[in-house]
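Both ligands and their constituent atoms are indexed starting at 1 by order of listing.
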Amino acid sequence: MAEVVAQTDRRTEGIVIKDDWPGYSLDLFNYPAHYCGDLDCVIIPHGVIMDRTERLARNIMDDLGDHDIVVLCVLKGGYQFCADLVERIKALSRNSSHTIPMRVHFIRLRSYLNDQSTKDLHILGAEDLSFLAGKNVLIVEGIVGTGKTMETLLKHVQAFRPKMIKVAGLLVKRVQHSLACVPDYVGFEIPDRFVVGYALDYNEYFRDLNHICVISESGKKKYKV
Ligand code: HPA
Ligand code: MG
């Protein structure tokens, strides 16, 4: 894990989406009719996510591709990114001179209620991860907000003594305070706004949206618990 201050090159910070980027109008894309009025804009279209994921897979293969990989998918928000990233890594592995054995495991975390991070992070169904000992582990996360979730998870995983741990985060939020933890592979750096879609939820809604979108104020009210 790199320190935030060491983040200088594009490859580690990902595609930077600036604070003044208005996003794409929803009228330009298809999205489920049941979310009409619940979104402000499309911030990252599905196709762009897929293209960036393809490149991340190549970077990961360049770094880890000569050893077995244990992928640890952080549920639920990371499932779509993990599935697509694993597909791309498999495709690259098929086309390389030696194929890479890859295992995929799942860990479930919960830290958000409405659009707020709660203090207590729950590792749900925390299984025995002792099989990680001596392995190269790739943690795959949909979004890194405060970085605290990732910090807690890293400590948890480190306790099982893997050989190496790398973290891939599709999105990293540009928050005011410096992040507790920054992924090694970042898809996009985004403004500090609440985003949904591509498996990222607001109280379990919006996982069935393909694009990454900014939720509207009325959307937040409608699905508040
Ligand atoms: N959207 C969904 N889940 C999240 C977010 C977000 O913007 N930030 C942290 N978890
Ligand atoms: Mg969530």
Salt-bridged, E151 to K148, with N to O below 4.0 Å?
no
Run the side chain to side chain donor-acceptor pair (under 3.5 Å) test on D84 and Y198 for me, step by step, so that the C-alpha distance in whole Å, both residues' side-chain angles and the decisive distance to 0.1 Å come before the verdict.
CA-CA 11 Å; D84 289 329; Y198 195 69; 2.6 Å; yes
May I ask you to check whether V195 has an N/O atom sitting below 3.5 Å from an N/O atom of ligand 1?
yes
Is the Mg ion (ligand 2) less than 2.8 Å from at least one N/O/S atom of D201?
yes
Regarding R207 and D201, does a basic nitrogen lie under 4.0 Å from an acidic carboxylate oxygen?
yes
Which atom names give the shortest non-hydrogen contact between Y35 and F206, and what distance separates them?
OH-N, 2.9 Å
Under 4.0 Å from ligand 1, counting heavy atoms only, is it the side chain of R193, its backbone, both or neither?
backbone
Salt bridge flag under 4.0 Å for residues D19 and R174
yes
Can you tell which part of I143 has a heavy atom less than 4.0 Å from ligand 1: side chain, backbone, both or neither?
side chain
Any atoms of ligand 1 less than 4.0 Å from a non-hydrogen atom of D201? List them with their elements.
2 (C), 3 (N)
